[in-house]
Amino acid sequence: MTLDPETARRLRDGMARGVLSFPLTSFHDDGTLDPDGFRAHVAAQIATGPGALFPACGTGEFFSLDEDEYRQVVTIAVEEAGGRLPVVAGIGYGWAQAVRFARIAEEAGADALLVLPHYLVAAPQDGLVAQLEQIAARTRLPLIAYQRGQVAFGVGAFRRVAEIPGVIGLKDGHSDLDRLQRLTLTAPEGFLFFNGASTAEIQARAYATVGVPAYSSAVHAFAPEIANAFFTALRDGDDGMVGKLLHDFYVPLVELRDRVPGYAVSLVKAAARLRGRPVGPVRAPLTDPSAADLADLEQLLVSGLDLVGADL
């Protein structure tokens, strides 16, 4: 299937210009989808100048959405983006289900797809490649593979992945920089890479040393002022500001995140709610933070915003 290289170019330009935004999916208190809240959240995200928008991915609780909800989420993201920045929708599970979501994303007007790690089972390298081959053969949209959890490409498998028509990039969540360096050296010219580690800013400098300066930012979903300040300081070589933000905000955030499984999403939503964003609670199996953890989060958020001259 012939793909328009324009999407890859727009993503590359966006990755150089700003952080990658992974918006939260808004729910009402009863757990139902809140389209109006999501629209407001996405509009606010776009207004802060991210390089691209990735709706219905991990931070957006893709794993908790049914197909109709997914359609609404991607459609709203595309409408709010209005062609001003690329929209990359998450898809996942086994390839047959991933293709169902891919078709919905196509119809909604997404520019590309992020292939989240498949469901449950471990798989050999041949199977990981075949998963992407099956999806790519059934969608006109370009794909970005996501290696994390049970998905990890060796050099040989990655060469095959990079040759699949339609696969234009790799998001890495393993932070194995030795292996990642081998992959970047193996990749064809123009292939896209970005840092998808949890709280990616923690390892942003290390990723940049192996040729992967672009990264996703969960912090951008609730404190774009902090996320953008860090991105600017890193880009401009302001090591003092980078170090201060890491020491005083990002490292304490990671320590708080690591207290409870699932806090990588739950804390982000809670922080957004603290700032009055209409994102609502998380859906099971995730749980919202405890009162004690929420108090610690609020204190950290206030101090982090103060570092960049912003208020709660």
Side-chain angles (χ1 to χ4, degrees), residues 1-3 5 7-8 11-12 15 20 22 54 56-59 62-63 88-103 105-106 110 112-198 200 203-204 206-216 261 264:
M1 197 174 290
T2 302
L3 296 171
T7 297
L11 278 168
R12 186 177 300 106
M15 289 159 64
L20 306 176
F22 283 67
F54 287 69
C57 294
T59 305
F62 166 79
F63 48 85
V88 184
I91 61 172
Y93 307 113
W95 67 260
Q97 289 174 287
V99 167
R100 291 173 66 93
F101 284 100
R103 288 172 179 160
E106 284 186 30
L113 304 168
L114 177 65
V115 183
L116 302 170
H118 63 269
Y119 172 68
L120 188 61
V121 297
Q125 295 287 289
D126 286 348
L128 299 181
V129 176
Q131 164 90 337
L132 291 168
E133 289 174 335
Q134 294 287 351
I135 298 169
R138 291 167 172 81
T139 179
R140 64 176 179 79
L141 295 180
L143 306 178
I144 297 171
Y146 187 6
Q147 63 170 14
R148 190 187 184 110
Q150 69 269 40
V151 177
F153 298 105
V155 172
F158 174 74
R159 287 196 183 101
R160 293 164 59 194
V161 166
E163 292 173 355
I164 298 172
V167 177
I168 63 170
L170 178 72
K171 178 181 180 182
D172 176 73
H174 283 295
S175 304
D176 181 343
L177 297 184
D178 179 285
R179 177 167 53 188
L180 185 59
Q181 180 71 91
R182 295 166 192 254
L183 301 189
T184 62
L185 294 173
T186 300
E189 184 178 358
F191 197 83
L192 304 175
F193 287 92
F194 62 94
N195 166 8
S198 295
Q203 301 186 64
Y207 269 83
T209 65
V210 295
V212 184
Y215 59 90
S216 58

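Residues take their numbers from the sequence shown, with the count starting at 1.
Here the closest heavy-atom approach between residue Leu141 and residue Ala110 is recorded as CD2-O, 3.4 Å. The shortest non-hydrogen separation linking Thr7 to Pro142 is CG2-CG, 3.8 Å. Of all the heavy atoms in Cys57 and Leu114, the pair that sits closest is SG-CD2, 3.8 Å. Here the shortest heavy-atom pairing between Ala102 and Leu113 reads CB-CD1, 3.6 Å. The heavy-atom pair separating Ala187 from Phe191 by the smallest distance is CB-CB, 3.9 Å.
For residues 163-187, the set of pairs meeting the ring-ring contact (aromatic ring centres under 6.0 Å, His included) definition, not counting sequence neighbours, is empty. Residue pairs that meet the salt bridge (Lys or Arg N to Asp or Glu O under 4.0 Å) test with at least one member in residues 146-155, sequence neighbours left out, do not exist here. Residue pairs meeting the salt bridge (Lys or Arg N to Asp or Glu O under 4.0 Å) criterion with at least one partner in residues 185-196, sequence neighbours excluded, are absent.
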In a table with atom names and distances, give each donor-acceptor pair under 3.5 Å that connects a side chain of residues 151-169 to protein atoms at least two apart or in another chain.
{"residue": "Arg160", "atom": "NH1", "partner": "Asp126", "partner atom": "OD1", "Å": "2.8"}

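Distance check, rounded to the nearest 0.5 Å: CG of Leu20 to CE of Met15 gives 6.0 Å. Taken to the nearest 0.5 Å, the CD atom of Gln203 stands 10.5 Å off from the OG1 atom of Thr209. From Arg138, atom CZ reaches atom CD of Glu133 across 10.5 Å, with rounding to the nearest 0.5 Å.
For the ring pair (Phe, Tyr, Trp, His ring centres under 6.0 Å) test, residues two or more places apart in sequence or in another chain that qualify with Phe54 are Phe22, Phe194. Qualifying side-chain contact (heavy atoms from CB on, under 4.5 Å) partners for Tyr93, counting only residues two or more places apart in sequence or in other chains: Phe62, Phe63, Gln97, Phe101, Tyr119. Not counting sequence neighbours, the partners of Arg100 by the side-chain hydrogen bond (donor to acceptor under 3.5 Å, both in side chains) test are Glu67. For Ala98, the side-chain contact (heavy atoms from CB on, under 4.5 Å) partners at least two apart in sequence or on another chain are Ile91, Ile135. For Asn195, there are no side-chain hydrogen bond (donor to acceptor under 3.5 Å, both in side chains) partners at least two apart in sequence or on another chain. Qualifying side-chain contact (heavy atoms from CB on, under 4.5 Å) partners for Ala123, counting only residues two or more places apart in sequence or in other chains: His118, Leu128. Residues meeting the side-chain hydrogen bond (donor to acceptor under 3.5 Å, both in side chains) test with Thr184, sequence neighbours left out: Gln181.
The closest side-chain heavy-atom distance from Leu170 to Gln147 is below 4.5 Å.
A donor-acceptor pair is defined here as one N or O able to donate and one able to accept, closer than 3.5 Å; no such pair exists between the side chain of Tyr207 and the backbone of Leu177.
The residue from Asp172, Val210, Ile144, Leu183 that alone fulfils the side chain to side chain contact (heavy atoms under 4.5 Å, CB included) condition with Phe193 is Leu183.
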